[in-house]
Amino acid sequence: MGAALRVKVARGQFVMWWWRVRYGHATAEQHLDALADAMSNRGWSHVKVYVESPPVLWVFPEDGEDAALSVAVLQVGGMWVFQVSRLIEYPCEAVVRVAGVLDDVLQDRAGRRQTASSR
């Protein structure tokens, strides 16, 4: 019984590894990790949801999840790109630029939320 369980676990781990490599999840996760680090350095919170296809990073202010932005990584025409809220695409090589754009959008959303709550 124990040997069969070990084989099933080993097979399951191999299948997960193959799936991540085959569909580029490992590469996508590396790009999202770099962006998550850049956003953390700017003071934003994040949640990594890497079990989805494609993997998704949610970035938001600490006190307002309603202002969150989703970022996915896709391969488009042989090039890896960040897809922000399914609308905007930036090359993954431009992590600092994308972090700056997300920072500006999140600050704008946080400002609008504070303005609306003060009325």
Side-chain angles (χ1 to χ4, degrees):
M1 180 92 169
L5 182 60
R6 281 194 296 273
V7 169
K8 283 184 180 179
V9 170
R11 184 174 151 252
Q13 289 174 344
F14 174 75
V15 168
M16 286 303 295
W17 170 83
W18 177 85
W19 182 78
R20 287 180 67 230
V21 171
R22 169 68 177 91
Y23 292 105
H25 280 259
T27 303
E29 289 172 13
Q30 289 173 350
H31 291 301
L32 288 173
D33 286 341
L35 184 60
D37 292 342
M39 295 309 293
S40 291
N41 291 340
R42 293 175 180 259
W44 300 104
S45 299
H46 63 271
V47 173
K48 300 174 184 178
V49 184
Y50 290 174
V51 294
E52 292 184 359
S53 183
V56 176
L57 174 72
W58 286 92
V59 183
F60 53 90
E62 210 166 292
D63 60 342
E65 292 82 18
D66 56 335
L69 290 174
S70 67
V71 182
V73 173
L74 306 170
Q75 195 170 19
V76 178
M79 185 172 124
W80 289 96
V81 296
F82 290 112
Q83 187 181 52
V84 180
S85 295
R86 297 185 179 193
L87 298 174
I88 307 166
E89 293 181 351
Y90 292 99
C92 286
E93 293 82 34
V95 174
V96 175
R97 180 176 162 205
V98 173
V101 169
L102 292 177
D103 189 41
D104 291 343
V105 171
L106 287 167
Q107 285 181 7
D108 185 52
R109 284 185 176 190
R112 285 186 196 166
R113 203 179 79 228
Q114 288 175 353
T115 304
S117 66
S118 65
R119 291 181 183 175

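Nothing here was measured: the structure is a model prediction, and the numbers come from that model. Note: hydrogens, waters and symmetry copies are ignored here, and every other heavy atom, side chains too, is used. Residue numbers count from 1 along this sequence.
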### Query
According to a 4.5 Å side-chain heavy-atom criterion applied to Ile, Leu, Val, Met, Phe, Trp and Tyr, with indirect links allowed, do Val81 and Val101 form part of one hydrophobic cluster?
no

### Task
State yes or no: do Leu32 and Ile88 share one hydrophobic cluster built from I, L, V, M, F, W and Y residues joined by side-chain heavy-atom distances below 4.5 Å, directly or via other members?
yes

### Distance-minimising heavy-atom pair for Val73 and Pro54
O-CB, 3.7 Å

### Task
Of all the heavy-atom pairs spanning Phe60 and Leu106, show the shortest one and how long it is.
CA-CD2, 4.3 Å

### Summary
Closest non-hydrogen contact found for Phe82 with Pro91 is CD1-O, 3.9 Å

### Message
Between Trp44 and Leu102, is there a side-chain heavy-atom distance shorter than 4.5 Å?
### Response
no

### Closest non-hydrogen atom pair between Trp58 and Ala68, with its separation
CE3-CB, 3.8 Å

### ILVMFWY cluster, Val95 and Leu57 together (side-chain gap under 4.5 Å)
yes

### Task
Kindly indicate whether the side chain of Ser40, heavy atoms from C-beta on, has any atom under 4.5 Å from the side chain of His46.
yes

### Query
Does some side-chain heavy atom of Gln75 sit less than 4.5 Å from a side-chain heavy atom of Thr27?
no

### Message
Using every non-hydrogen atom in the two residues, find where Pro55 and Tyr50 come nearest and quote the distance to one decimal.
### Response
CB-CD2, 3.8 Å

### Task
Supply the atom-to-atom distance Glu93 CD to Met79 CE, rounded to the nearest 0.5 angstrom.
6.0 Å

### Query
Considering all heavy atoms of both residues, which atom of Ala67 and which atom of Arg109 are nearest to each other, and what is their separation?
O-NH1, 3.4 Å

### Query
Please, which pairs that meet salt bridge (charged side-chain N to carboxylate O under 4.0 Å, His left out) have at least one residue in residues 34-44, sequence neighbours excluded?
Arg42-Asp103

### Query
Any side-chain heavy atom of Val98 within less than 4.5 Å of one from Leu35?
yes

